[in-house]
Amino acid sequence: MTYSIAIRTLGTAGEKFRQELLSITEQTVPPDRVVVYIAEGYPRPEFSVGKEEYVWVKKGMMAQRALRYDEIGSDCVLMLDDDVRLAPDSAAKLLEAIEKQCFDCVAADVFENHKMPFSTKLKAALVHWVFPHFGNRWAFKMHRTGSFSYNWRPEPRCYPSQSCGGPAMMWKKVSFLKIHYEDELWLDSLSFPYCEDALLSYKLHANGGKLGVLYDSGVKNLDAGSSSTAFKKSPDRLRLIAKATLMVWWRSVYRNGLDSFWTRLLSLLAFCPKVLWQCFGIFLYSLLRLSPRTALPYWSGLLEGVRSVRSTAFRSLSPFACQ
C-alpha cells in the first residue's frame, strides 16, 4: 500500500518540527508526498528539510484534521502532529500492521500510559477515572463513564483498540472519509478541543471500524505544546474541561445513535458518580486553598455543557454512530 504524510501545525513548534521533518526523510518506506496543513494567518517556517508542501486551511485542531485530503492520492495517510519524531522504520511498521491485520487505522502509542510513574497513574485514576485494565485483548477501552482504561502490561506488538492518542495515526484514506469527521467540527467552537483524540478514535470503533495501537512503532512525542500551552495556563481551564467532557460523553456514549432507554440509563448511572466524585474533589481542594470560588468554574462548565447538548445545532448533528 502507498501512503502520504499529513501534518497539522501552526508553524510554531520550531526545532521539534524540524526534527520531525528530518525523521520523515529517513523513512525506509518513503511517502508519496508530505503535505503540511498550516493554519491560516500563520507564516510558513523559515526552514525546509525535504519536499514538504504547505496548504493553508482554517485554524483549529479539528479543522486541520477533519479534511478531505484531496491533495493526497495514496492508499493511506499518516496523520501527524508537529512534535513527533519517527524512527526510520515507523511508517513501515504502521503500514505492515494495517496490511497484515486488516486495520482501518493504526496509531502509535506515544503517551505510554502503562509506563507512567505510580503517582501519575494514581492521579489519573482519582481525578479522571482512567484505570489500567488487566485483560490482553485491547490496547485501550472506552467506558460508559466517558473515560478510557489502558493495558497495564502490553507486549511490543499491535493490539486492537477502542480509542487511542492522536499524534501519529496511519489511516486508510477511504476509511477516514467514510466516518465523516467533519461532523465533529463543533469541538473547535470551544477555545480548546479537549478530548479530541478520544472522540475521533472512538468514532471509528463505534461505527464498526477496526482500530489498532502499535506499541513498538518507534514514534516519540517531543511535546512542543504549541496549541495546548495557553490552555494549560488558562484560569478558565476547569470550566472548559467540564464542558468538553460532558459534551463528548453525551455525543459519543449517551446519545451516540445506537442508544436505547436502557443504554442511556446505564451510561447515566456510570457518568453521574464520576461527576459527583470530581465535584467533591474540587470542593475539597477549594476548601484547602481557602478559595471557595475555585470550584465554581467546574460547575459552570457542566451547566454550559448541558445547555449546549440541548441546543438545536447540537441535536441536529448526524448520529455519531450509524453502523
Side-chain angles (χ1 to χ4, degrees), residues 58 60-70 77 79 102-107 138-149 160-166 169 171-190 192-213 240-272 274-275 301-323:
K58 184 178 178 181
M61 290 183 71
M62 289 292 297
Q64 289 173 250
R65 178 59 53 88
L67 302 165
R68 300 296 300 175
Y69 296 104
D70 293 329
V77 182
M79 301 181 190
C102 299
F103 285 113
D104 294 290
C105 173
V106 174
W138 299 101
F140 299 94
K141 294 195 293 186
M142 286 295 294
H143 300 278
R144 293 190 185 278
T145 59
S147 298
F148 68 89
S149 63
S161 191
Q162 297 177 10
S163 71
C164 65
M169 307 173 76
W171 277 89
K172 286 182 180 176
K173 183 182 175 183
V174 64
S175 299
F176 181 85
L177 296 179
K178 194 191 310 183
I179 303 299
H180 295 289
Y181 284 112
E182 63 273 12
D183 292 336
E184 312 310 324
L185 288 172
W186 59 269
L187 200 57
D188 271 344
S189 65
L190 308 178
F192 185 80
Y194 189 75
C195 297
E196 172 229 2
D197 289 349
L199 183 73
L200 290 187
S201 58
Y202 183 59
K203 188 170 187 179
L204 175 62
H205 176 75
N207 281 277
K210 193 174 179 184
L211 173 67
V213 169
L240 291 169
I241 287 176
K243 182 177 181 180
T245 298
L246 186 139
M247 294 180 72
V248 169
W249 168 79
W250 186 286
R251 172 106 174 113
S252 61
V253 178
Y254 183 68
R255 280 284 191 179
N256 61 11
L258 300 176
D259 55 281
S260 65
F261 170 80
W262 294 110
T263 62
R264 292 194 297 273
L265 178 61
L266 290 173
S267 298
L268 201 61
L269 291 174
F271 187 70
C272 286
K274 171 184 169 181
V275 170
L302 288 175
L303 292 175
E304 286 184 28
V306 171
R307 288 195 293 268
S308 295
V309 297
R310 294 185 178 279
S311 68
T312 302
F314 196 85
R315 294 164 76 98
S316 64
L317 293 171
S318 300
F320 183 78
C322 51
Q323 56 173 309

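Positions are given from 1 along the sequence. Both backbone and side-chain heavy atoms feed into the values below; hydrogens, waters and symmetry mates do not.
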Can you tell me if [X] uses its side chain to pair, donor with acceptor, with the backbone of [Y] under 3.5 Å?
X	Y	value
K173	Y69	yes
S267	Y254	no
T263	S260	yes
D104	K210	yes
D197	G166	yes
D188	Q64	no
W171	A107	no
S161	W138	no
Y181	F176	no
D259	N256	yes

**Asked** How many angstroms lie between atom CD1 of I241 and atom OH of Y194, to the nearest 0.5 angstrom?
**Response** 4.5 Å
**Prompt:** What distance do S308 atom OG and W186 atom CH2 have between them, rounded to the nearest 0.5 Å?
**Reply:**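 Output value for this atom pair is 9.0 Å.
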**Check: Y202 ring centre within less than 6.0 Å of F148 ring centre** = no
For the residue pair [X] and [Y], what are the closest heavy atoms and their distance?
X	Y	answer
Q162	M142	OE1-N, 3.0 Å
H180	E182	ND1-OE2, 2.9 Å
R144	A270	CB-CB, 3.7 Å
A139	V213	CB-CB, 3.7 Å

**Request:** Classify the ring geometry between F271 and W249 as parallel (under 30°), tilted (30 to 60°) or perpendicular (over 60°).
**Result:** parallel
**Prompt:** Are E196 and R65 close enough for a salt bridge, meaning some N to O gap below 4.0 Å?
**Reply:**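 So E196 does not pair with R65 through a salt bridge.
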**Request:** Would you please say whether a donor-acceptor pair under 3.5 Å links the side chains of S149 and H143?
**Result:** yes
**Message:** Under a 3.5 Å cutoff, is there a donor and acceptor pairing between the side chains of S252 and K203?
**Reply:**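 Note: S252 and K203 side chains miss the donor-acceptor criterion.
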